[in-house]
Amino acid sequence: MDMILKDRFETLWKKYFDGAEEPIVFWYTGEEAGVRTAKPASSDSHRCFLADVAGVRKGRAAKFNAAALGCEGGKRYLGFSSQLRPNFEYFLSHGIPGELEGERYKKTPELVTEVMEMQPAFTAPGQFIVFKPWSALTEADEPLVVIFFARPDVLSGLFTLCNYDEPDVNGVICPFGAGCSTIVQYPYVEGMSDHPRGVIGMLDVSARPCVPKDLMTFAVPMKKFAAMTADMEESFLTTGSWAKVRHRIVSTLKPEQKAP
């Protein structure tokens, strides 16, 4: 990790986003990485990966392999499997009467099949995926994606900053997908692009109970994140328009979160 970039971002985040939650990051490795490995998931129960990410947001770095993931979708969207559950196209649509309850996120099984064919796929480049809070990063770490859990005002700032140096009106995307796909799969694949985009996520109805009701996510590949950080001091963040939003961000903090 470029420690100059790390320190620079921390300074500017405090200056322009006054007390907003720090981001977390992830990368892949084939080594132990000096980070605790999450316990193997129970084989007889489902556990959304977003519940595990909550611990990272509280400051506890962790790494996961396929065995630690209690959701088949999570294994797929983190790159550890290419499999889908049987009759997935019915599960995501109207189900099979008397056999399978559908989530009704797509109107027909045929639409699900089309969506899955368009969804980017990748294979995890290491045995483990490591998640760390930004402040815990060390020089030896190699983050690939930066993930923010953000309220709307913070999200507006990240969205606008990501678009600051882009001619494309879609410098940020909001793709249909599972909650974990929008913080891992999509931004990881964007990182392979010459012009990586930010990804707004956590609109997955099934994942919403695993995050606070007023938060969404903004995930961005490290290359684009570095460019965003470099632009902060010359962008809209220095204007009176942002000062009004920044004031509101601070006003929503609990008393113990505010700087003295």
Side-chain angles (χ1 to χ4, degrees), residues 1-26 53-54 56-59 132-137 143-175 179 182-183 186-187 190-191 193-203 208 211-260:
M1 175 66 195
D2 180 348
M3 300 307 284
I4 295 177
L5 172 61
K6 176 180 180 291
D7 294 342
R8 178 66 171 163
F9 171 74
E10 288 177 354
T11 298
L12 294 175
W13 186 247
K14 183 177 181 179
K15 179 178 181 179
Y16 292 116
F17 289 85
D18 303 339
E21 181 176 331
E22 71 168 344
I24 64 174
V25 304
F26 76 77
V53 172
V56 182
R57 292 176 53 221
K58 294 177 181 177
K132 264 191 176 184
W134 180 267
S135 58
L137 286 171
L144 297 172
V145 170
V146 183
I147 306 164
F148 297 82
F149 285 77
R151 291 189 173 99
D153 282 344
V154 175
L155 185 62
S156 74
L158 294 168
F159 171 87
T160 307
L161 186 61
C162 191
N163 278 294
Y164 179 68
D165 63 349
E166 295 289 344
D168 188 350
V169 295
N170 294 310
V172 176
I173 60 174
C174 187
T182 59
I183 64 172
Y186 280 101
E190 283 294 320
S193 168
D194 292 335
H195 299 284
R197 298 170 293 181
V199 181
I200 290 175
M202 219 49 60
L203 291 167
R208 287 303 305 169
V211 296
K213 63 182 180 180
D214 55 351
L215 294 189
M216 290 178 62
T217 55
F218 181 90
V220 62
M222 196 66 195
K223 178 169 64 175
K224 181 62 177 178
F225 171 82
M228 289 169 62
T229 301
D231 286 337
M232 289 174 81
E233 288 277 69
E234 66 175 64
S235 74
F236 68 96
L237 294 175
T238 64
T239 69
S241 295
W242 181 251
K244 295 176 183 177
V245 179
R246 188 177 70 224
H247 174 76
R248 195 162 67 175
I249 292 171
V250 175
S251 70
T252 62
L253 296 176
K254 297 178 182 178
E256 63 269 21
Q257 294 176 300
K258 295 183 180 181

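In this text the structure is predicted, and so the values were computed from the model without any measurement.
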* Asked: Can you tell me how far the CZ atom of Arg8 sits from the CG atom of Leu5, to the nearest 0.5 Å?
  -> 10.0 Å
* Asked: Counting N and O atoms only, with roles assigned by atom type, does the side chain of Lys224 sit under 3.5 Å from a partner on the main chain of Gly198, one being a donor and the other an acceptor?
  -> no
* **Steps toward side-chain contact (heavy atoms from CB on, under 4.5 Å) verdict (Ile249, Trp242)** => CA-CA 10 Å; Ile249 292 171; Trp242 181 251; 3.9 Å; yes
* Decide yes or no on side-chain contact (heavy atoms from CB on, under 4.5 Å) for Glu10 and Lys6, but give the supporting numbers first. => CA-CA 6 Å; Glu10 288 177 354; Lys6 176 180 180 291; 2.8 Å; yes
* Where Cys174 and Leu203 come nearest, the two heavy atoms and their spacing -> SG-CD1, 3.4 Å
* Is Met222 close to Leu144 at the side-chain level, that is, under 4.5 Å between some pair of heavy atoms? -> no
* Compare all side-chain heavy atoms of Glu233 with those of Tyr16 and state whether any distance is below 4.5 angstrom. => yes
* To do: I would like to know whether Ile24 and Phe149 meet side-chain contact (heavy atoms from CB on, under 4.5 Å); could you show each step before the answer?
  => CA-CA 9 Å; Ile24 64 174; Phe149 285 77; 4.0 Å; yes
* To do: Grab the two heavy atoms, one from Phe218 and one from Ile200, that are nearest each other, plus how far apart they are.
  => CD1-CG1, 4.0 Å
* Asked: Does a side-chain heavy-atom distance below 4.5 Å link Phe17 with Leu237?
  -> yes
* Can you tell if the side chain of Phe236 reaches within under 4.5 Å of the side chain of Thr160, non-hydrogen atoms only? -> yes
* Are the side chain of Thr238 and the backbone of Glu234 linked by a donor-acceptor contact shorter than 3.5 Å? -> no
* Step by step, would you call Phe9 with Glu22 a side-chain contact (heavy atoms from CB on, under 4.5 Å)? -> CA-CA 10 Å; Phe9 171 74; Glu22 71 168 344; over 6 Å; no
* Identify the two heavy atoms, one from Ser235 and one from Leu161, that lie closest to each other, and give their separation to 0.1 Å. => OG-CD1, 3.9 Å
* Structure fact -> Looking only at heavy atoms, the pair that brings Gly201 and Thr182 closest together is CA-OG1, 3.5 Å
* **Non-hydrogen side-chain atoms of Glu21 and Pro212 separated by less than 4.5 Å** => no
* To do: Could you check Val172, Val146, Val199 and say which one makes a side chain to side chain contact (heavy atoms under 4.5 Å, CB included) with Val220?
  => Val146
* Asked: Between Glu190 and Arg197, is there a donor-acceptor pair closer than 3.5 Å when you use the side chain of the first and the backbone of the second?
  -> yes
* How many angstroms lie between CG in Leu137 and NZ in Lys132, if you round to the nearest 0.5 Å? -> 6.0 Å
* If every non-hydrogen atom of Thr217 is compared with every non-hydrogen atom of Ile183, which pair is closest and at what distance? -> OG1-CG2, 3.7 Å
* Could you tell me whether the side chain of Trp134 reaches within less than 4.5 Å of the side chain of Met1, counting heavy atoms only? => yes
* To do: Indicate the atoms forming the closest heavy-atom contact of Ile173 with Asn170, along with that distance.
  => CG2-O, 4.1 Å
* Structure fact -> In this structure, CG of Asp153 is separated from CG of Leu158 (nearest 0.5 Å) by 11.0 Å
* Asked: Heavy atoms, side chains only, cut-off 4.5 Å: are Leu215 and Met202 in contact?
  -> no
